[in-house]
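As a basis for the values below, the full set of heavy atoms in this structure was taken, side chains included, without hydrogen atoms, waters or symmetry mates.
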Amino acid sequence: MSSMYTGIWPVAPTPFNPDGTLDLEGMKRVLDCLIDQGADGICVLANFSEQFLISDAERETLARLSVEHVAGRVPVIVTISHYATQIAVERAQFAKDLGADVVMMMPPYHGALLKGTPEQSFEQFAAVGEVGIPIMVQDAPLSGVDLPVPLLVRMAKEIEAVKLFKIECPRAANKIRALIEQGGDAIEAPFDGEEAITLLADLDAGATGSMTSGMIVDQIKPVLTHHHAGRIEEATAAYGRVAMAINHENRQCGWQSCKAAMVEGDVIKSEFCRHPIPPLHPAIRSRLIDLLKPLDPLVLTWGK
């Protein structure tokens with residue numbers, strides 16, 4: 001498996017001003033904060049970036065800003081998911097032309113009923129593969145599209161660009177293990193996802209990296225560092241230290257947890273989310289911050 005694709009690659013949140021417009025200076029601060037936390041790569045325009053609440057023009061603005069501001073300090077993944085294969089290809093080409101390192105995409109879906117068949121999913125990934133930029137396959141429940149292991153293995157073996165796999169379906173560890181067993185050397189980088197809620201089991205199964213939120217990158221990274229070095233007891237202890245915060249994020253807050261933490265640490269000015277997303281309940285937000293403070297994460301002090 002490629003050493004290029006290891007470690008922790010968080011999703012960058014998209015900061016908005018209180019009036020709902022993009023906070024572009026805040027976006028630069030988000031990226032700098034993630035790098036200072038020790039991110040090995042950064043993903044933009046993902047679900048935890050609120051991609052479904054961002055216009056096409058804003059996507060282009062954010063992708064360009066992110067690649068230019070990161071300026072090669074770490075690899076940048078640009079999410080390009082779309083139901084229309086033509087648009088996914090266009091988005092991939094745009095990302096490549098910008099200088100992005102990887103694109104991430106879910107299989108084609110739109111709502112609850114328009115879902116790509118296995119063959120249609122393969123065809124879309126193959127079409128994007130012709131662009132010539134590495135692809136991370138996002139196997140997420142949000143799409144509602146089943147991506148069985150034999151299909152993923154076929155993608156890895158027949159589409160040169162398919163190199164990374166973000167597995168965040170139920171019982172992800174079982175799928176990662178089967179993917180590696182059946183795909184062999186074609187599986188370059190199986191990643192853990194879903195805010196690292198199943199990180200230890202996924203690392204045990206062979207995950208090379210994790211795509212978390214941007215909330216406590218510096219606190220989760222030791223789990224991966226210890227595990228990859230074979231220090232399993234230390235990895236387990238490091239995970240136990242952050243597990244309650246991760247659970248609260250995953251089950252109660254979603255992407256808003258990172259924004260709340262970044263506001264607390266003066267990384268960004270506002271945790272505004274566009275309608276119809278409601279703000280975090282004050283009690284849920286308060287519990288989040290109370291869980292984070294004992295960890296002393298960089299995010300709570302970065303801008304102070």
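With contacts defined as side-chain heavy-atom distances shorter than 4.5 Å, the pair R59/F94 does not qualify. Looking at heavy atoms from C-beta onward, T225 lies in side-chain contact with R231 at the 4.5 angstrom threshold. Considering only heavy atoms from C-beta on, P15 comes within 4.5 Å of V30 through its side chain. The closest side-chain heavy-atom distance from C273 to E50 is below 4.5 Å. For the pair S270/D23, no side-chain contact is recorded, criterion being any heavy-atom separation below 4.5 Å from C-beta on. The shortest side-chain heavy-atom distance between E195 and F48 falls under the 4.5 Å cut-off. Using a 4.5 Å heavy-atom threshold, the side chains of I246 and Q219 count as separate. Two residues are said to be in side-chain contact when any heavy atoms from C-beta on lie closer than 4.5 Å; L288 and Q256 fail this criterion.
By the rule that hydrophobic residues join a cluster once side-chain heavy atoms approach within less than 4.5 Å of another member, L24 and M262 end up as members of one cluster. The hydrophobic cluster containing V11 does not contain L280, counting ILVMFWY residues as joined when their side-chain heavy atoms lie under 4.5 angstrom apart, directly or transitively. Cluster annotation: V217 and L291 are assigned to distinct hydrophobic clusters (Ile/Leu/Val/Met/Phe/Trp/Tyr, side-chain heavy-atom contacts under 4.5 Å, transitive). Hydrophobic clustering of Ile, Leu, Val, Met, Phe, Trp and Tyr side chains at less than 4.5 Å, counting indirect connections, unites L224 with L295. In terms of hydrophobic clustering, with Ile, Leu, Val, Met, Phe, Trp and Tyr side chains grouped at heavy-atom distances under 4.5 Å, F52 and I87 are assigned to different clusters.
With hydrogens and angles disregarded, a donor-acceptor distance shorter than 3.5 Å links the side chain of R274 to the backbone of G20. The backbone N or O of D266 sits less than 3.5 Å from a side-chain atom of R29, completing a donor-acceptor pair. At distances below 3.5 Å, at least one donor-acceptor pair connects side-chain atoms of K96 with backbone N or O atoms of V131. Side-chain atoms of S81 come within 3.5 Å of backbone N or O of M106 as a donor-acceptor pair. T117 places a side-chain N or O within donor-acceptor distance of the main-chain N or O of Q120, the cut-off being under 3.5 Å. A donor-acceptor pair under 3.5 Å is absent between the side-chain atoms of D139 and the main chain of E168, judged by distance alone. Distance alone, capped at 3.5 Å, is enough to place a donor-acceptor pair between the D40 side chain and the I8 backbone. Of the possible polar contacts, none joining the R287 side chain to the I284 backbone as a donor-acceptor pair under 3.5 Å is found. The backbone N or O of Y83 lies less than 3.5 Å from a partner atom in the side chain of Q124, making a donor-acceptor pair. For D202 (side chain) and A173 (main-chain N/O), a donor-acceptor pair under 3.5 Å exists by modelled atom type.
In terms of heavy-atom proximity, V44 sits nearest to S49 at C-OG, 3.9 Å. What you find for V103 and A95 is that their closest heavy atoms are CG1-CB, 3.7 Å. The minimum heavy-atom distance linking A63 with V78 is given by the pair CB-CG1, 4.4 Å. Considering every non-hydrogen atom in both Y239 and L199, the closest pair reads CE1-CB, 3.8 Å. Taking each heavy atom of A261 and L292 in turn, the nearest pair found is CB-CD1, 3.8 Å. Of all heavy-atom pairs spanning G41 and P10, the tightest one is O-CD, 3.0 Å.
With rounding to the nearest 0.5 Å, the separation of CG in L151 from CG in D146 is 8.5 Å. Taking NE2 from H110 and OG from S143, the interatomic distance works out to 14.0 Å, rounded to the nearest 0.5 Å. To the nearest 0.5 angstrom, L98 atom CG is 5.5 Å from R64 atom CZ. A distance of 4.5 Å separates CD1 of I220 from OG1 of T212, quoted to the nearest 0.5 Å. Atom CE of M104 is separated from atom CE of M136 by 7.0 Å, given to the nearest 0.5 angstrom. Between atom CD1 of residue I54 and atom OG1 of residue T79 there is a gap of 10.0 Å, rounded to the nearest 0.5 Å.
Side chain to side chain, T85 and E123 fail the donor-acceptor criterion of an N or O pair below 3.5 Å. Judged purely by distance below 3.5 Å, without hydrogens or angles, the side chains of E90 and Q86 pair a donor atom with an acceptor atom.
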- Task: Determine, stepwise, if the pair L300 / D296 fulfils side-chain contact (heavy atoms from CB on, under 4.5 Å).
- Result: CA-CA 7 Å; L300 293 185; D296 193 26; over 6 Å; no
- Going through the checks in order, is the side chain to side chain donor-acceptor pair (under 3.5 Å) test met by S213 and E249? CA-CA 9 Å; S213 81; E249 174 183 42; 2.5 Å; yes
- Should Q37 and W302 be marked as a side-chain contact (heavy atoms from CB on, under 4.5 Å) after you check the CA-CA gap, both sets of side-chain angles, and the distance that decides it? CA-CA 9 Å; Q37 288 186 62; W302 187 86; over 6 Å; no
- Item | L45 vs L62, side-chain contact (heavy atoms from CB on, under 4.5 Å): CA-CA, chis, key distance, verdict | CA-CA 8 Å; L45 300 179; L62 289 165; 4.0 Å; yes
- Pair N47-W255, side-chain contact (heavy atoms from CB on, under 4.5 Å): steps then yes or no: CA-CA 8 Å; N47 296 329; W255 68 82; over 6 Å; no
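Among R285, K293, K304, the single residue meeting the side-chain hydrogen bond (donor to acceptor under 3.5 Å, both in side chains) criterion with E264 is R285. Results of the side-chain contact (heavy atoms from CB on, under 4.5 Å) test with L152 over V162, I167, I187 single out I167 as the only residue that passes.
A salt bridge between R154 and E119 is present, with a side-chain N of the basic residue lying under 4.0 Å from a carboxylate O of the acidic one. Using a 4.0 Å cut-off between a side-chain N of Lys or Arg and a carboxylate O of Asp or Glu, D56 and R91 qualify as a salt bridge.
In this structure, R177 places its CZ atom where more than 12 heavy-atom neighbours from other residues, nucleotides or ligands lie under 6.0 Å away.
Ring planes of F272 and F16: perpendicular class, angle over 60° (limits at 30 and 60°).
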